[in-house]
Protein chains: 2
Amino acid sequence: MSIPTVHQVLNGYNVRFSAETRKKVLEAAKELDYRPNIAARGLRARKSFLLGLQFNAVNYPLIAGFTRGFQQMCTAQSYAPIFLTHVSTEDEAENCRTLIDRRVDGLIVNCAVGTTGASNAGRFAEMRQAGTHLVEVFGRFVDGAPRVTLDYRAGAVASTELLIAKGHKKIALFTHSDYRTSERIPGLYWTAWEHWRGYEETMRQAGLEPTTIAYQVSGDRTREGAHYFSAYENAKLLLNHPAKPTAAVFYRGEAVEAILHYASANPSAAPEGFGISVFDRVAPTHSDAISLYALPQPIEDVGQAAAKLLLDSIAGREVESIAMGPKKP
Amino acid sequence: MSIPTVHQVLNGYNVRFSAETRKKVLEAAKELDYRPNIAARGLRARKSFLLGLQFNAVNYPLIAGFTRGFQQMCTAQSYAPIFLTHVSTEDEAENCRTLIDRRVDGLIVNCAVGTTGASNAGRFAEMRQAGTHLVEVFGRFVDGAPRVTLDYRAGAVASTELLIAKGHKKIALFTHSDYRTSERIPGLYWTAWEHWRGYEETMRQAGLEPTTIAYQVSGDRTREGAHYFSAYENAKLLLNHPAKPTAAVFYRGEAVEAILHYASANPSAAPEGFGISVFDRVAPTHSDAISLYALPQPIEDVGQAAAKLLLDSIAGREVESIAMGPKKP
DNA sequence: TTGAAAGCGATACCAG
DNA sequence: CTGGTATCGCTTTCAA
């Protein structure tokens, strides 16, 4: 039996062959547990069947969920992910080099941004122009790139509606102080901005007065616990606010944890029946004073969607950016 | 200029060639930004220069650190990691299949264990026997495999010594109730056991009386926050213990968080100046009553070491298992 | 219905 | 010193 014959049969061009030939080939393949060599196939096809997954290490809580969704999608099409993380733009550039040397068929980008605002976004945009298949995730830095993001507006809408449904009327928004600056700094803080818009819109539509309370995040906001400590220190801003809110929508799960801890350390600080909702993960925490409604972010779905977009792009199909809100409970 | 000539020059067999030839080749290579195709090289060498990285998703807090260490080591030798996570033994088997189909040159294993104790450890042991290069991390399931683990004994020794150095004499150990069963269940709870041994040994050597206090973890202990809630509910076991400890060595960071929260919610519960030390990561938490000394686990180093072991094994060198304790502060 | 042959990009061997 | 040639495993084309 010749190599091409075997090949044809194994790859489904069965019409051309006699039943007997087919049977013999199939049996032999099974017996030998034949598995095609993907690298060799790729050499011929000028592909690697490898996808590069670049992640900013500050987003480490997202990694596990994202990669799970991603691998489900891509291994089903016999692609495999090469996963690399970076902590700086230099790191990122080096990892990118590694991936290109590997001839990856596509790239997931999760930009690093230096304290000065420097990033590799421009380079990525050029690469995309030059034909590299690339999808950006959890960010809006690379011009023109298809992206998968979290829909913070939808998250805020759902969070606010949830508290309204629980009967709350005085619902505050507790967010960080840069929620309004996102218009001016491209790529940064837009999630807080959209979140705020979603909150305001929902409150207004319900005929309720929005009250936005912002805490300042001091120093490097990517440092461990930056939001936690800032929120803790500013807990009174929320709990002693003149508008006397009975509930609050939060922008960050970390800030929720801080208020939960503050409230249990200061039993009279939070009004009876205070409610909190948030579009984020909240770490397991003991709390009796406050009712917490966490709408988890669909991180795994983001991973799946990103893989799908990337594979579609590689296959030459049209792709469109997606923003993913909270799952219906 | 012929292909082999170029090849030879580019790969450092320079002695054989005239200076002029060398120069021409090198210049052309630079100008064209020549990068060898690793897949093609691998086809000929019957290698893939790919390493499979299988991680149990329950260990997600370790992923970011581990992969960073791992990638540093392996990209330096022009290997790249394919990263896959599993949540069950079936998942793990499927991922393993994916990696083998990819002809990975080596495998990092982080076993899943079902509630019945079932695992793929046997299969991995066979694969190793059959010549697959494989390194186990954070576990002791695969018979005969070289592994990189955390040295919980050293962690406990350092934790205990630290509290002794701070002047504490009544130092308890706060751990979960299965710390003694590890002798009987291979692969499970051995970290708690070693940790306990390290604590006892250090206390005895210092002429102090060890007091081990254990909390029961109810239900599925891999569920989110299992240790946190169990420790919280059993906080009194530690803080009201008849031996009146002034400090405690903890086995888990999560349990530390629980006690910190409990103590700030119950201000008189912890004695003045209570000290806690732990060989683990502790999430950022506001706390004034308790002095916390966290000795971080060297997760990134584990990643590096695992990559080194695997690459050594692939290169045919002898490899030996490593246990990594806390870094000297 | 089948198989011979070319080629993907790199490497190894050996003859000139 | 230099280059022709075979080879890795797979896919495609075309002739028999």
Side-chain angles (χ1 to χ4, degrees), chain A residues 1-50 77-80 82 97-106 131 314-316, chain B residues 1-50 75 77-80 82 97-106 131 133 314-316:
Chain A
M1 214 119 353
S2 78
I3 294 167
T5 303
V6 171
H7 169 73
Q8 303 268 21
V9 171
L10 253 30
N11 288 276
Y13 304 84
N14 41 8
V15 257
R16 291 174 53 193
F17 296 91
S18 68
E20 199 193 350
T21 308
R22 285 200 59 223
K23 200 178 135 218
K24 271 202 276 187
V25 170
L26 259 17
E27 273 174 8
K30 179 159 290 179
E31 189 167 345
L32 299 170
D33 190 26
Y34 170 78
R35 308 252 124 196
N37 182 324
I38 302 175
R41 173 179 293 176
L43 187 61
R44 176 68 221 247
R46 300 164 148 285
K47 298 185 50 170
S48 64
F49 295 101
L50 251 20
Q77 305 195 30
S78 76
Y79 280 82
I82 293 186
R97 176 90 273 178
T98 300
L99 293 172
I100 289 170
D101 285 354
R102 273 282 165 180
R103 311 289 198 270
V104 293
D105 295 329
I314 290 168
Chain B
M1 211 109 8
S2 79
I3 294 166
T5 302
V6 171
H7 169 73
Q8 303 268 19
V9 171
L10 253 29
N11 288 276
Y13 304 85
N14 41 6
V15 256
R16 293 174 52 192
F17 295 91
S18 68
E20 198 194 350
T21 307
R22 286 198 59 221
K23 201 178 137 221
K24 270 201 277 186
V25 170
L26 259 17
E27 272 173 8
K30 179 159 290 180
E31 189 167 344
L32 299 170
D33 190 26
Y34 170 78
R35 308 251 123 198
N37 181 323
I38 302 176
R41 173 181 292 176
L43 186 62
R44 174 69 223 239
R46 299 161 149 287
K47 298 185 52 169
S48 63
F49 296 99
L50 250 21
T75 57
Q77 305 195 28
S78 77
Y79 280 82
I82 293 185
R97 175 91 272 176
T98 300
L99 293 172
I100 290 170
D101 285 354
R102 273 281 164 183
R103 310 291 197 269
V104 292
D105 296 330
H133 298 285
I314 291 168

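Chain letters run A, B, ... following the sequence lines, proteins first and then strands; every chain starts at 1. Predicted model only: the values in this text are computed from it and were never measured.
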Whole-Å distance separating the CD atom of Q8(A) from the P atom of dT12(D):
9 Å
Without decimals, in angstroms, what is the distance between K47(A) NZ and dC8(C) P?
18 Å
With a 4.5 Å cut-off on side-chain heavy atoms, are R102(A) and L50(B) touching?
yes
Nearest whole Å is fine: how far is dC8(C) C1' from L43(B) CG?
9 Å
Can you check side-chain contact (heavy atoms from CB on, under 4.5 Å) on I100(A) and R97(A), steps first, answer last?
CA-CA 5 Å; I100(A) 289 170; R97(A) 176 90 273 178; 4.3 Å; yes
Give a yes/no answer on whether the side chain of N11(B) brings an N or O atom under 4.0 Å of OP1 or OP2 in dT11(C).
yes
Taking only the side-chain nitrogens and oxygens of T5(B), find out if one of them lies under 4.0 Å from OP1 or OP2 of dG3(D).
yes
Quick one: D101(A) CG to dG9(C) P, roughly how many Å, whole number?
15 Å
Side-chain touch N37(A)/D101(B), heavy atoms, less than 4.5 angstrom:
no
Taking 4.0 Å as the cut-off, does a side-chain nitrogen or oxygen of S2(B) come that near to OP1 or OP2 on dG4(D)?
no
Length of the line joining I3(B):CD1 and dA12(C):P, which is rounded to integer Å
15 Å
Hey, is the side chain of R41(A) poking within less than 4.0 Å of OP1 or OP2 on dT11(D), counting only N and O atoms?
yes
Between R46(B) (CZ) and dA6(D) (C1'), how many Å, whole number?
14 Å
From NZ (K24(B)) to OG1 (T5(B)), nearest 0.5 Å
11.0 Å
Starting at OH of Y79(B), measure out to CD1 of I82(A) and round the result to the nearest 0.5 Å.
13.5 Å
Spacing of CD1 belonging to I3(A) relative to CD belonging to Q8(A), to within rounding of 0.5 Å
12.5 Å
Between H7(B) and dT11(C), is there a side-chain N or O to OP1/OP2 distance below 4.0 Å?
yes
Figure out the CZ/P separation between R35(A) and dC10(D), and round it to whole Å.
12 Å
What does the inter-axis angle of the helix from dT1(C)-dA16(D) to dG16(C)-dC1(D) come out as, five pairs per end, nearest 10 degrees?
60°
Just wondering, do K47(A) and I314(A) contact through their side chains at under 4.5 Å, heavy atoms?
yes
Across the strands shown, which category fits P4(B) at heavy-atom distances under 4.0 angstrom: base, sugar-phosphate, nothing?
base
Please confirm whether any donor atom in the side chain of R44(B) sits under 3.5 Å from an acceptor in the base of dT7(D), or the reverse.
yes
Would you say dT2(D) has OP1 or OP2 under 4.0 Å from some side-chain N or O of T21(B)?
yes
